[in-house]
Amino acid sequence: MRRIVAISAVLAVAASLGACGGATQPGRAVQGDGPVEVFTWWAAGSEKLGLDALVGVFDDQRPSFEFVNGAVAGGAGSAAKDLLRTRLLAGDPPDTFQAHAGAELTDYIAAGQLEDVSALYDEFGLRKVFPTDLLRLLQVNGQIYSVPAGIHRSNMVWANPAVLAAAGLDPAASYDSLGAWFGALEAVRASGRTALALGTTWTQVNLLETVLMSDLGADAYRGLWTGTTDWAGPAVGAALADFATLLGFTNADRDALDWPAATQRVIDGSAGFTVMGDWAVAAFEEQGKLEGTDFGYFPVPGTAEMFGFLADSFTLPVGAQNPAGAKAWLATVGSLEGQTAFNRAKGSIPARSDADPADFSAYQRASIEAFGRDAIVPSLAHGAAASIAVLDAISAATGQFTSGASDLATYQAALVAAATAP
Ligand code: GAL
């Protein structure tokens with residue numbers, strides 16, 4: 001567990017905006033027990049099973065509080081984050097909400113929407129159990145504003161071995177570059193299946209970030225978020241051309257699918273591959289599928305030594321109606337029992353460095369090793385790399401391109417503008 005240093009430059013910029021967490025509004029606080037509204041986008045399927053596992057520990061540890069599920073469906077918070085923004089602006093926050101470590105969290109901190117929970121780190125004994133670099137992503141001006149639940153990896157390919165074999169491919173093969181992978185995608189397409197299952201806009205942005213990682217390499221990819229890599233340059237242009245090539249291998253109905261439906265095509269064998277964060281492993285496992293025989297995985301070609309980093313964390317919003325309940329939830333999120341139960345079900349790896357790898361699946365043990373070994377690069381689609389405004393602008397430009405409303409040159413120009421969104 002180490003280094004997420006590259007992202008801290010982005011945070012330093014955001015930190016310079018200043019943090020201004022306010023006090024809990026008088027008269028609204030409910031002290032002691034009562035309902036605790038927990039706001040996430042883990043509303044269904046394997047994501048809900050992860051949340052359920054955490055709730056099970058919460059119920060055991062803090063039975064006097066009542067968990068209230070404030071989940072809003074839509075992968076990557078595609079609907080939840082908009083609703084959350086409205087509620088925060090209206091002074092009607094949930095008691096705690098899910099936020100990604102990094103730039104997204106810094107947005108909420110800079111807007112004065114989060115309470116400082118540093119004292120809870122002392123109370124719960126958390127300072128020594130989280131990696132220093134992860135703590136750096138969670139804090140501004142030395143104060144900490146959330147408790148991490150787990151760490152996911154964004155840059156994974158998931159494959160159906162039977163589909164690959166039927167296409168004449170070696171299911172155990174891996175590919176050094178996107179160019180080398182295109183031949184395999186072509187073979188799956190020729191076999192009559194979808195080569196690369198893809199979903200709606202945010203999944204397209206998830207694919208885009210992995211193509212940028214692959215074609216630019218870790219340093220230049222990080223430079224997209226620190227300002228040292230030119231979005232208008234030929235390297236980004238070449239990556240966008242590869243992105244366009246990959247789109248040509250995808251299902252035409254992609255805009256109608258969220259990630260579970262796109263991943264299901266690989267699970268069911270109507271598609272050979274999909275690119276998705278490693279919450280996908282939980283979907284395979286939930287359906288009793290076995291690694292090796294029923295599914296395989298490898299990092300997106302060209303990103304084998306990169307870990308596309310993102311971390312879910314939970315907050316204490318300014319004006320929460322039940323701050324004591326929110327603190328109880330945060331205690332469970334940070335506890336070894338909570339992290340073990342949640343991450344086992346969710347496909348992520350524990351943020352706590354004292355969790356026992358033996359409690360986790362083969363995929364997760366490999367992910368724990370990769371996190372300790374690989375270059376840590378921040379995920380765009382999942383809040384680590386860029387502010388919500390920049391992500392929204394990149395998502396809009398990407399939706400325009402993938403729906404055929406813009407060409408490559410227009411897309412690249414839109415990304416140049418998006419990267420500097422206020
Ligand atoms: C990410 C989140 C993951 C997973 C995924 C798909 O943003 O961090 O935990 O839920 O979205 O919805």
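Both backbone and side-chain heavy atoms feed into the values below; hydrogens, waters and symmetry mates do not. Each ligand, and each atom within it, is numbered from 1 in the order the structure gives.
- The protein non-hydrogen atom at the shortest distance from atom 6 (C) of ligand 1 is E47 OE2, 3.0 Å.
- Side-chain contact of N251 with T194: a donor-acceptor pair under 3.5 Å is absent, judged by distance alone.
- Looking at I349 and H152, their side chains never come closer than 4.5 Å, going by heavy atoms from C-beta outward.
- Residue, atom and distance of the protein heavy atom nearest to atom 1 (C) of ligand 1 are H382 ND1, 3.2 Å.
- Between Q364 and S361, the side chains place a donor N or O and an acceptor N or O closer than 3.5 Å (distance only, hydrogens not considered).
- Under a 4.0 Å heavy-atom criterion, G77 is not in contact with ligand 1.
- Atoms of ligand 1 lying under 4.0 Å from any heavy atom of H152, numbered from 1 in the order shown and given with element: 3 (C), 9 (O).
- In terms of polar-atom proximity, D312 is counted as a contact of ligand 1, with an N or O under 3.5 Å from an N or O of the ligand.
- Every atom of ligand 1 with a heavy atom of W259 under 4.0 Å away is listed here by number and element: 6 (C), 12 (O).
- No side-chain heavy atom of N206 sits under 4.5 Å from any side-chain heavy atom of W259.
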Side-chain donor-acceptor pairs of residues 120-129 under 3.5 Å, sequence neighbours excluded:
from, atom 1, to, atom 2, distance (Å)
Y121, OH, S146, O, 2.5
D122, OD1, R127, NE, 2.7
R127, NH2, S118, O, 3.1

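- Atoms of ligand 1 found under 4.0 Å from any heavy atom of G75 (numbered from 1 in listed order, with element): 12 (O).
- Here the two rings, on F97 and F39, have centers that are 6.0 Å apart or farther.
- Ligand-side atoms of ligand 1 in range of L310: 8 (O), range being under 4.0 angstrom from any heavy atom.
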Report, one line per pair, each donor and acceptor closer than 3.5 Å where one atom sits in a side chain of residues 214-221; sequence neighbours left out.
from, atom 1, to, atom 2, distance (Å)
S214, OG, P301, O, 2.7
D219, OD1, R222, NH1, 3.0
Y221, OH, P378, O, 2.7

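- At the shortest separation from atom 3 (C) of ligand 1 among protein heavy atoms lies K346 NZ, 3.5 Å.
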